[in-house]
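One structure is given below, represented as structure tokens, and several questions about it will come after.
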Protein chains: 2
Amino acid sequence: MAGDASLSSSEFPDPGHDHDACRDQAIDRAERLCAGQGARLTPQRREVLELLLAAHQALGAYEIMEGIDWGGRKPAPVVVYRALDFLMELGLVHRLASVNAYVACGHAGEAHGARFLICTDCRTVAEVTSPGIADALVGEAERRGFAVGQLTIEISGVCPHCRGAADG
Amino acid sequence: MAGDASLSSSEFPDPGHDHDACRDQAIDRAERLCAGQGARLTPQRREVLELLLAAHQALGAYEIMEGIDWGGRKPAPVVVYRALDFLMELGLVHRLASVNAYVACGHAGEAHGARFLICTDCRTVAEVTSPGIADALVGEAERRGFAVGQLTIEISGVCPHCRGAADG
DNA sequence: CATATAATGTAATATCATAACAATTCAAGA
DNA sequence: TCTTGAATTGTTATGATATTACATTATATG
Ligand SMILES: [Zn+2]
Ligand SMILES: [Zn+2]
Ligand SMILES: [Zn+2]
Ligand SMILES: [Zn+2]
């Protein structure tokens, strides 16, 4: 494996972390995941994923368009949306409903009833898993007779780096 | 007070409940709340609120437009959005990010770190408060150094009535 | 090569939301 | 009552996000 400690993209990434290793590791995982499912991580899809990974941020679909350059041209919206659909299908990307944006998954493949901490300042997103809370939510809903489908848990606020204080 | 038991709009409303009393009670509360804050619940704003209350569902802004008839005319989008902004400001209406829709608040005025159970079948929305879970989420985020702003907790699934089975 | 499936290209359109500015209504104070 | 400023509404246009439809090209398989 390339870089082992120092990445752990699950929390807020340290601005000084080894970004290339971080991205390469994620792409590597994505390729294995696709191979395992007979899905094709084509150049288009891969570029969208890399862009999201490099950003460590939530990006709007049209921002992704702007961030891509294929031989001097920008892809059409539908091209980006198709790539995003594919990546979301495989769990490599999540959509953040509260900000109409998309973010690369920090735990691709692994099961995760995840929630997201979204910095309104730098737009960095931390994907946090804690089965306890998710289970509590699901359990309570089911006690009410509600058959749970999808969870959307998004918390907006200001991340440690933007606050200036790291530890609490 | 008009109807006291039988409503409790906080959970999934029983299809057989006294709807008029339910709506009247909510409008009544809204009027007191506005009066208390020097805000004006004008006919436009009131009609949007009534429509949402009558629906017991999440409605898109353009659905609200269609549902309103002012002397044979539909309001322009911006009119509806202005009414919604006003109502959200006062906490009488919430926006559901995961479905791009708006729903009347079941606990107007009261403090509430609420979450929403959204039926994908009939689109009925239950607004559930449980400070315990909200506090757990906020607490965990803050332990990570994240300054929490807004919570978005939305659970999609199938409500008891649409499942056919009420109790579990 | 022939064929079927998957992926992409291209254009148009649908859906959700806001901006800009004019006109009107409303609540007070002179 | 008249004036005046603030809030609300009317109207039009535009921005932002997302999907549909259909033609074309690439890829894998027999
Ligand atoms: Zn994830
Ligand atoms: Zn930040
Ligand atoms: Zn509420
Ligand atoms: Zn239902």
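Order of the sequence lines sets the chain letters (A, B, ...), proteins ahead of strands, with each chain counted from 1.
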Heavy-atom closest pair, residues B:Ala114 and B:Glu127: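 Heavy-atom minimum between the residues: CB-OE2, 3.6 Å.
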
Members of residues 74-82 of chain B that approach DNA chain C, where some heavy atom sits under 4.0 Å away: B:Val78, B:Tyr81

Minimum-distance pair of heavy atoms, taken over all atoms of A:Arg45 and A:Arg40: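 Smallest interatomic distance, heavy atoms only, reads NH1-O, 2.7 Å.
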
Residue pairs, two or more places apart or on separate chains, that pass side-chain hydrogen bond (donor to acceptor under 3.5 Å, both in side chains) and touch residues 95-105 of chain A: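 Only A:Arg95-A:Asn100, A:Arg95-A:Tyr102, A:Ser98-A:Glu154 qualify under side-chain hydrogen bond (donor to acceptor under 3.5 Å, both in side chains).
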
Sugar-phosphate, base or nothing in reach of B:Phe86, heavy atoms under 4.0 Å: nothing

Value in whole Å for how far the P atom of C:dT8 lies from CD1 of A:Ile68: 12 Å

Atom pair distance, as rounded to whole Å: CG in A:Asn100 and P in C:dT15: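 In whole Å, C:dT15 P lies 16 Å from A:Asn100 CG.
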
Nucleic acid contacts - residues 40-55 of chain A versus DNA chain C, non-hydrogen atoms under 4.0 Å: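 Per residue number, the list reads A:Arg40, A:Thr42, A:Gln44, A:Arg45.
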
A:His94 side chain to A:Ala104 backbone, donor-acceptor under 3.5 Å: no

From CA spacing to verdict: side-chain contact (heavy atoms from CB on, under 4.5 Å), B:Phe116, B:Ile155: CA-CA 6 Å; B:Phe116 301 92; B:Ile155 308 181; over 6 Å; no

I'd like a table of donor-acceptor pairs (distance under 3.5 Å, sequence neighbours excluded) in which one partner is a side-chain atom from residues 81-92 of chain A, with atom names and distances.
none

Between B:Trp70 and B:Glu47: side-chain donor-acceptor atoms closer than 3.5 Å: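 A pair is found: one side chain offers a donor N or O, the other an acceptor, under 3.5 Å apart.
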
Heavy-atom contact window of chain B on DNA chain D, given 5' to 3' at under 4.0 Å: D:dT8 to D:dT12

Nearest-Å distance for atom pair CD/P, residues B:Glu63 and C:dT15: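 Rounded to whole Å, this separation is 11 Å.
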
Aromatic ring pairing B:His17/B:His56, orientation class (parallel under 30°, perpendicular over 60°, tilted between):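 The rings of B:His17 and B:His56 stand perpendicular, inter-plane angle above 60°.
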
Over 12 non-hydrogen atoms of neighbours within 6.0 angstrom of CD in A:Glu110: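 Counting other residues, nucleotides and ligands, CD of A:Glu110 exceeds 12 neighbours.
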
For A:Arg46, side chain to side chain donor-acceptor pair (under 3.5 Å) partners two or more places apart: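 Side chain to side chain donor-acceptor pair (under 3.5 Å) list for A:Arg46, sorted by chain: A:Glu31, A:Glu50.
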
